[in-house]
Amino acid sequence: MTTPQLDKSYDPKAVESRWYQLWNERGYFHASPDHAGEPYCIVIPPPNVTGSLHVGHALNHSLQDILIRWRRMQGRNVLWLPGTDHAGIATQNVVEKQLMAEGLSRESLGRDQFIERVWNWKAASGNTIVSQQKQLGESCDWDRLRFTMDEGLSQAVLEVFVRLYDDGLIYRGERLINWCPRCLTALSDIEVEHEDVKGKLYHLRYPLADDPNNALVVATTRPETMLGDTAVAVHPDDPRYRHLIGKKVLLPLTTREIPIVGDSILVDLEFGTGAVKITPAHDFNDYEAGERHKLPRISILTARAEMDEVGLHEAGADASLNLALKPVQKARTIVVEVLTERGFLVKTEDHKMAVGKCYRCKTVVEPYLSPQWFVKIQPLAQPAIEAVETGKIRIIPEGWTNNYLGWMRDIKDWCISRQIWCGHQIPAWYCLACNAQQIVNVDNRTVVLQGAKPIVSKTTPVHCPTCGSQQLLRDGDVLDTWFSSALWPFSTLGWPEHTAELKAYYPTSTLVTGLDILFFWVARMIMMGLKFMGDVPFKDVYIHALVRDAEGQKMSKSKGNVIDPLHVMNQFGTDALRFTLASMASPGRDIKLAEERIEGYRNFANKIWNAARFGLMYLDGTRTALPPAQRTFPDQWILSRLNHTIHTVTAELESYRFDRAAGTLYHFIWHEYCDWYLELIKPVLQDPTDPNGPSTRQTLVETLETTMRLLHPFMPFITEEIWQTIPHQGDSIVLQNYPVSNHTWSAPDTERRFALLEQTIGLIRTGRVLLNYPPGQHIPFYVDHDDRNRQEQLHQIQQHLAHLSRGEVEIKASKDWPAAQLLRLVMEGLSVGITVSGDVDLHKALERLAKQLAENDKESQRIDGKLKNAEFVSKAPPDVITEHQERVRTMARDRELLAGSAQQLRMMLGT
RNA sequence: GGGCGGAUAGCUCAGUUGGGAGAGCGCUGCCCUUACAAGGCAGAGGUCACAGGUUCGAUCCCUGUUCCGCCUACCA
C-alpha cells in the first residue's frame, strides 16, 4: 500500500470550499430536536441583512463556531441558529440613497412600493454575509436561517406588542425624545452616542421687566434656543438673585416677558452666572423644570432642525431677523450676531461639552417634542436584574455584571416607535370619528396627536369598538429593530407556536457577543425572554473584546485602517484567521490585530501540514497498538503530553479561555510534537528493521489523529484535510468524538526523564555553538550528573542523547574526563564535556561561564540571605525552606564545577 | 461627574490560594541537516508605571499618585 502524499506547503484555497460544501451537503450542521444528546444551542447575534462580514463578526463568529464544533464533537445535540436583522434605519437609508440616484423618493413611491424595494434589496444583498459566513467555516444550521422580518418572527412581534399593551407595559405619550433631524425619526436613549466637543458658553443679558437698566445674566451653550425660553431660573438660596424670584425679564429679540422662578434642581450655584434660561421644548432638563413650574413649551424647530415659522411667531420673535427655515447652526450665528449688536451678549467663554449624535448617521440629535410609543420598562427590568443577581444568567467575564446591573437599575422607559417605513408597523389604529380632534394634517402629513385613543390588535380591526365607524387610520410608525431582536432567542425557535424546537433548545446555552450591544440587545432579550417564556433566554453570556488595529485605534472605513477578513482569509487561509482571533481573545482586553500575527498562524498551519506530511512519509508498514507502558520512551512521553494537552484545552474551553486553549494547542503541536517527538522517533522510522517500528507508527498515527480532532474546532479545514488523508474511521472529522483525557497515557516518570534529556541536549547544543561546530558534524561528548538517580536516567536515554546531539555520548564521572582540550558546561548538577578542536576562539565560552558564575553568585547570595534570616526560617513553611536549602546546595556544587571549567579554559588560553 | 479595566522584554500579551519572571512576534549569530527557509539551532533583551503600607518575603494583597482606554451621565 502506498500512502498519499501531500504538497510541500499547505494551500488553504485548495481545500476550504471543497470541505465546506461537503459538510453542508451532507447535513452535518443540521439540528433536530429528535437528535440524541443534551441540547446545546447558540443563536447568532444577527448581523444586518444588507451588511458584509467585518473583522468584529469574524471574531464573534469564530468563537461561536469553536464552541459549537467542540460541543458537537462532545456528542451534544447542537443547534447554531443563524439569521439577520433588518436594521430599519440603516437599511432605509441605503434604499433611499438608491432611490435618490434614480430621481425618486420614498414619498413619491408610496409605502407599499417602498417596502417592496427594501425586500428587493434584501434579496440582492442579503446573501452576501451568509456566503461570507460560510467562507469562515461557520457550522450553522442554514436550513433554519431566520430574518427579523420573516412571517413567523413578525407574528412574534405582533403577539408581544399586543400583550405588552394589554398588560399596560406599552403606552403612547408626548415626550421630549431624541430626534435625528436627518433620519427624521425618534431614537432611543442608547441610540445616541455622546461625543465631547469644544463649545462656547454665552453669557446673555435679560433685562428686568420692571427695571430695564438692570438685567439678569444667564449662561447658555445654545443661544439660538433663547427664542423659545419660557422662564429663567435662579437658585432659591442664592443671595444674589433670590429677591428676583417672581419678577419678570424681557426676553431679548422677542416681544415676550418671562418669569423668574426659583429652582434648586436645575440651578447649580457654582456654575456659569447662577442663572439658567429655561427652554422646555428643547432641553431635557428644561422640560422637567417646565413641568415643575407649569411653564408653556414653545417649539421653535422643525423636524429637520430648522427654525420653525409657526414656532417663531408663537415665540414673538423679531421677524426682521429672518430666521424662518434657517438650520440651527446658521440660526445660532445670526442670533449671536444680533445679540452682540444690541448689547445683550456679555461675554463668551470656551466650554467643553458633550453633544449627542445619531448612532447610524452621526448627525447631531435634537431633543424633540412629539408623541411616541414607549415600553414601561421597570416591571420588565426587575426580573432581569434578579436573573443575573441569582446566577441564573452568568456574565463572562464577571466584571461586566456590575455594568449590566447598574444600567438595569437605572433604566428609563424605552422609546420604540420610529418614523420610518422599514420595519414592523405598529399594530395600532385610530378611529377617525372618535379622534377627530387628535388627527391633524401638518406639512401634508397626517399626525396623530397625544390623547388619541388607539385600537391595538394583532389583526386589522374592521370597525371602531366605541362608535362602530369603519373609518380607521393605522399608526404609521414602525418599531425599533431591537424590539424584534429582543425576541430572537424564542421567535427564531417558532414562538408563539409551541414547537419541538422551543421545547428542546430554550433556554439556549450560551450567547456570544460584544460589549457594545449588551444594553441594546442582551438586556432586552433577558427582559423579553423572562416575560414571554417565563425563563431566561440563555445561561451564559460571553462578552468578547473589540477588535482594533495594530495601533489600538478603532477600525473605521474613514480612517482606512480596517482589516478585511475576506482579504485576510484569501491571503493566509481561514484557519489562520480563526486561530489568530481565538488566541488573542483574552478576557477584558481589546484585540490589537496586525496582519503579521495572522501570518504567524499561517506559518503554524503550514507547520501542522508538514508534520502530517512527515507522518505520511513513514507510515508504510504494520502498526501495532501496545499498551502505553510497553511503548518506547518518546511514545510514552508524547502520549503523556497529549493527555495533558487534552485536559487543559477542554478545561480552558469550559471557562471560555479561547486564548489559553489556543496557546496550549500551539505549544503542544509546535514545540512538543514537532520539535521533540518527531525528531526523537526518526531513527526508528528510518530503519525498516527496527523492532519498535510497528508500535511507533501506531503511536504516530494515534497522536496525530487525536491532535487533529483536538484542534478541529479552531482550525476546521486543515484538520479535516489531514484527518481524511491519514488512517481514520468515519466519514468526516466534524462528527468524530472530541478527545477525552486518558489516565493510562499519563507518565510522570517519563516526563521527568524527558526534562533531563531536554536539559542535556540544550547544554550540548550550546557547546556546539560556542565551539563553532557545524550542526551536522559528528562529535564526542561526555555527560555526567552528580545525582545518582539522574545519572541512571542518563543511561536510559543515552541513544536519544546520541541521536539528538549528533554525536557520541559517553556517560562517566566528570573527574575521569580528559583535563585538556575539553569545554565543560554545567547546569543544576548536570555536566557536559565537549572536545575543543581546531583553532577556536574560546573567549565566547569563557564569557558564558563567567556570566553564569556571576548569576550563580547573585542568586546564592539572595537565597542564602533569606536562609540566614531567623524570621524567615521560623515563619516560612517548611517545604519552602527545604526547597531553598536544596537550591543553595545545587548552586554551590554548580559553582565549583563552573569555576573549575573556567580555570581549565584559562589554562588553554594561556592566561 | 460617576463606574470599570489596563500599565510586565522593542511590539502584542500570559502569569489566582504572595516564595526562583514567561510566551508569541520582532531582533542577533550559525545552518538550505531528505516534514517544514512559511524552517532548524543557539542567544541578547525586563529596578513587573510611581510612592507608601501589610508580610519573614509582594509582579501578585491594601492605600494614594500619574498616564492610557472603555462604559455611563441633562452642570446650563
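A note on names: the letters A, B, ... follow the listed sequences, proteins ahead of strands, and every chain is numbered from 1.
- Test A:Thr230, A:Asp283, A:Asp286, A:Thr225 against A:Lys277 for side chain to side chain donor-acceptor pair (under 3.5 Å) and you get one pass: A:Thr225.
- Rounded to whole Å, the separation between the P atoms of B:G19 and B:U59 comes to 10 Å.
- Residue A:Asn869 is in sugar-phosphate contact alone, with no base atom involved, counting any heavy-atom pair closer than 4.0 Å across all strands shown.
- A:Glu855 and A:Lys858 are not joined by a salt bridge, as no carboxylate oxygen comes within less than 4.0 angstrom of a charged side-chain nitrogen.
- Using a 4.0 Å heavy-atom cutoff across all strands shown, A:Glu288 reaches no nucleic acid atom at all.
- Residues from residues 654-666 of chain A with heavy atoms under 4.0 angstrom of RNA chain B, sorted by number: A:Arg657, A:Arg660, A:Tyr666.
- With A:Pro634 as the fixed residue, the side chain to side chain contact (heavy atoms under 4.5 Å, CB included) test singles out one of A:Lys682, A:His800, A:Glu679: A:His800.
- Across all strands, A:Asp516 comes closer than 4.0 Å to no nucleic acid atom at all (heavy-atom distances).
- Contact annotation: A:Lys8 does not reach the phosphate of B:A38 (side-chain N/O to OP1 or OP2, under 4.0 Å).
- Residue A:Asn606 is in base contact, counting any heavy-atom pair closer than 4.0 Å across all strands shown.
- Nucleic acid contact class of A:His671 (heavy atoms, under 4.0 Å, all strands): sugar-phosphate only.
- Side-chain contact check for A:Asp659 and A:Ser583: no donor-acceptor pair (N or O, by modelled atom type) lies under 3.5 Å.
- For the C1' atoms, the distance linking B:A9 with B:U72 amounts to 36 Å, nearest Å.
- Salt-bridge annotation for A:Arg332 and A:Glu224: present, with a side-chain N of the basic residue lying under 4.0 Å from a carboxylate O of the acidic one.
- The phosphate of B:C41 has neither OP1 nor OP2 within less than 4.0 Å of any side-chain N or O from A:Thr766.
- If you take CD1 of A:Ile863 and C1' of B:C56, they are 14 Å apart, rounded to a whole angstrom.
- Residue-level contact check: A:Pro877 touches the bases, meaning some heavy atom is under 4.0 Å from a base atom.
- Within the 4.0 Å cut-off from OP1 or OP2 of B:A76, at least one side-chain nitrogen or oxygen of A:His351 is found.
- Taking only side-chain nitrogens and oxygens, A:Lys851 comes nearer than 4.0 Å to OP1 or OP2 of B:G45.
- Look at the C1' atom in both B:C61 and B:U16: the space between them is 12 Å, to the nearest Å.
- Not a single donor-acceptor pair, N or O on each side, falls under 3.5 Å between the base of B:A76 and the side chain of A:Glu270.
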Under 3.5 Å, sequence neighbours excluded: what are the donor-acceptor pairs made by side chains of residues 871-882 of chain A?
residue  : atom : partner  : partner atom : Å
A:Glu871 : OE2  : A:Lys875 : NZ           : 3.2
A:Ser874 : OG   : A:Ala870 : O            : 3.1
A:Ser874 : OG   : A:Glu871 : O            : 3.1
A:Thr882 : OG1  : A:Pro878 : O            : 2.7

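- Put simply, A:Lys682 has a side-chain N or O that comes within less than 4.0 Å of OP1 or OP2 on B:A35.
- Ion pairing between A:Glu847 and A:Lys844 fails under the 4.0 Å rule for side-chain N and carboxylate O.
- Here, B:G18 and B:C62 have their C1' atoms 13 Å apart, quoted to the whole Å.
- Between the side chain of A:Arg765 and the base of B:A42, no donor-acceptor pair under 3.5 Å is found.
- A:Lys607 comes within contact range of at least one nucleobase, with a heavy-atom separation under 4.0 Å.
- Atom name C1', nucleotides B:A49 and B:A7: the rounded distance is 6 Å, in whole Å.
- Here A:Asn603 reaches the OP1 or OP2 of B:G39: one of its side-chain N or O atoms lies under 4.0 Å away.
- When the side-chain nitrogen and oxygen atoms of A:Ser586 are compared with OP1 and OP2 of B:A14, one or more of them lie within a distance under 4.0 Å.
- For the C1' atoms, the distance from B:G10 to B:A73 is 40 Å, rounded to whole Å.
- Base engagement by A:Pro775 is indicated by at least one non-hydrogen atom pair under 4.0 Å involving a base atom.
- For A:Asp675, counting side-chain heavy atoms from C-beta on, the closest listed nucleotide (B:C56, B:A35, B:G40) is B:G40.
- As judged by a 4.0 angstrom heavy-atom cut-off over every strand, A:Gly356 is placed among residues making no nucleic acid contact.
- A:Ala275 and A:Tyr241 make their closest contact through N-CE1, 4.3 Å (heavy atoms, listed as atom of the first residue, atom of the second, distance).
- Base contact: A:Leu266 has a heavy atom under 4.0 Å from a base atom.
- Geometrically, A:Arg641 does not engage A:Trp670 in a cation-pi contact, judged by NZ or CZ lying under 6.0 Å from the ring centre and within 45° of the ring axis.
- With RNA chain B read from its 5' end, the first of the two nearest nucleotides for A:Phe614 and A:Trp670 is the one closest to A:Phe614.
- Within the 4.0 angstrom heavy-atom criterion, only backbone atoms of the sugar-phosphate kind lie near A:Asp590; the bases stay farther away.
- Here A:Arg887 reaches the OP1 or OP2 of B:G20: one of its side-chain N or O atoms lies under 4.0 Å away.
- A sub-4.0 Å separation between OP1 or OP2 of B:A35 and a side-chain N or O of A:Tyr618 is present.
- Using a 4.0 Å heavy-atom cutoff across all strands shown, A:Lys277 reaches no nucleic acid atom at all.
- Side chains of A:Tyr206 and A:Asp229: a donor on one and an acceptor on the other come within 3.5 Å.
- When each of A:Asp196 and A:Glu855 is assigned the nucleotide of RNA chain B bearing its nearest heavy atom, the one mapping closer to the 5' terminus is A:Glu855.
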